[in-house]
Amino acid sequence: MDPRELTFPFQSEVRPGESGQGYALRMAAENHLNGLPQLKILLGKSRFATLDAVDSPLLHRWFGADERSLDHVLGWIHTGKRSEEYVYAGHTLGRSYFLNRSYPRVCFKCLQAEGHCKTAWDFSLAVACAKHGELLADTCPHCHRSITWHRPTPGTCSCHLEFSAACDPALASALEAQFATWIDQQIEKKTRVRDQDELLPSSTTEAPAGLTPLMQLVWPLSLNGGLCLTFALATAAGYDEKCSCDGLRPRAPLKKAQRILLNAAQFAQKIQLQDEMHLRVQRPSVVVQLLADCISGDKPPADRNLAQSLLISFLRIRSKARWSGTNPQLSQLHLF
Ligand SMILES: [Zn+2]
Ligand SMILES: [Zn+2]
């Protein structure tokens with residue numbers, strides 16, 4: 001039968017905060033289909049592909065969700081611009097690695113209470129649940145395998161264990177919880193803009209008390225700006241993908257993300273303390289490129305201002321280093 005002619009009996013809208021792939025998985029389960037693998041066959045996609053907005057018309061036809069909502073939560077490659085750019089949950093993201101759509105993470109408590117996967121969990125630096133203050137899980141507590149998008153339902157592992165709130169995840173650090181809250185808030189902001197529920201009084205929300213130094217920098221920025229900044233600071237602090245894999249599974253994006261947050265936080269703390277003695281920028285070309293992207297195009301003023309001030313300090317020191325003579329180490333520069 002032609003997939004374009006199908007409709008399934010159980011229909012639903014995308015729920016607030018629900019991810020696109022999570023919606024497809026939930027609807028497949030409700031309609032007793034064989035999960036995302038069967039949907040991918042019907043959509044003409046390979047088993048390894050992720051769903052995106054190209055699939056919205058068929059998902060709309062099959063399961064009834066509004067097409068605009070599906071586009072919003074499925075996302076798409078930003079056409080006509082740099083091939084790395086991605087639009088996801090209404091945000092333009094400068095790097096595809098800001099998203100993690102292949103190795104799902106979940107909060108067992110949220111899944112048990114709400115029964116759906118959240119958009120926020122698809123960001124590669126989202127390691128905690130903002131609501132429960134616990135680390136997200138990427139492995140099953142029963143079979144100890146990675147949780148996959150090919151599981152039978154949102155709340156069940158491929159080993160058929162039903163995830164429950166009793167699966168005891170570790171508490172998140174203040175930084176991890178604050179970062180998750182910030183991502184949640186950014187997603188919610190764009191959803192309200194999409195639905196035009198209200199005109200937002202300003203583009204920034206008042207920052208809560210007790211933010212860590214990294215979060216004080218990140219809070220007023222756009223989602224893309226904050227992610228650029230965090231990756232830039234982690235890189236400046238010497239974060240290196242190769243070193244971080246020692247002793248871990250080759251695919252351990254959750255641990256990697258925790259390491260990136262920690263490195264960025266340490267660097268932000270040095271900036272705050274103006275600890276010039278220890279402030280060296282590793283891999284400056286990568287750092288400069290990430291910061292420069294926050295200034296280009298029509299980026300929001302908060303992103304531009306912060307990136308500009310960091311870049312200016314950085315370039316000023318670089319020119320000093322060039323003039324000061326004996327073999328300046330371009331790979332290890334003082335920032336301030
Ligand atoms: Zn939760
Ligand atoms: Zn399992």
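We count ligands from 1, going down the list as the structure has it; atoms in each ligand are counted the same way. Note that these values count all heavy atoms, side chains included, but never hydrogens, waters or copies made by symmetry. What you are looking at is a predicted structure, and each value in this text was computed from that prediction instead of being measured.
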Check whether any N, O or S atom of H142, backbone or side chain, sits closer than 2.8 Å to the Zn ion (ligand 2). no
D66 with R68: basic N within carboxylate O range, under 4.0 Å: no
Check the orientation of F98 and F231. Use parallel for under 30°, tilted for 30 to 60°, and perpendicular for over 60°. parallel
Answer yes if the side chains of D122 and Y88 hold a donor-acceptor pair under 3.5 Å, and no otherwise. yes
Is K109 salt-bridged to E134, going by a charged N under 4.0 Å from an acidic O? yes
So, is C143 placed with an N/O/S atom under 2.8 Å from the Zn ion (ligand 2), counting both backbone and side chain? yes
Out of K40, K45, R101, which one pairs with D52 under the salt bridge (Lys or Arg N to Asp or Glu O under 4.0 Å) rule? K45
Polar contact flag, side-chain donor to acceptor under 3.5 angstrom, H116-R26: no
Taking atom OG of S222 and atom NZ of K299, what is their separation to the nearest 0.5 Å? 8.0 Å
Can you tell me if, anywhere in C159, an N/O/S atom lies at a distance from the Zn ion (ligand 2) that is smaller than 2.8 Å? yes
Rounded to the nearest 10°, what angle sits at the Zn ion (ligand 2) between SG of C140 and SG of C157? 110°
Look at the side chain of W182 and the backbone N and O of A177, then say whether any donor-acceptor pair between them is shorter than 3.5 Å. no
Shell of protein N/O/S atoms around the Zn ion (ligand 1), taken as anything under 2.8 Å: C107 SG, C110 SG, C129 SG, H132 ND1
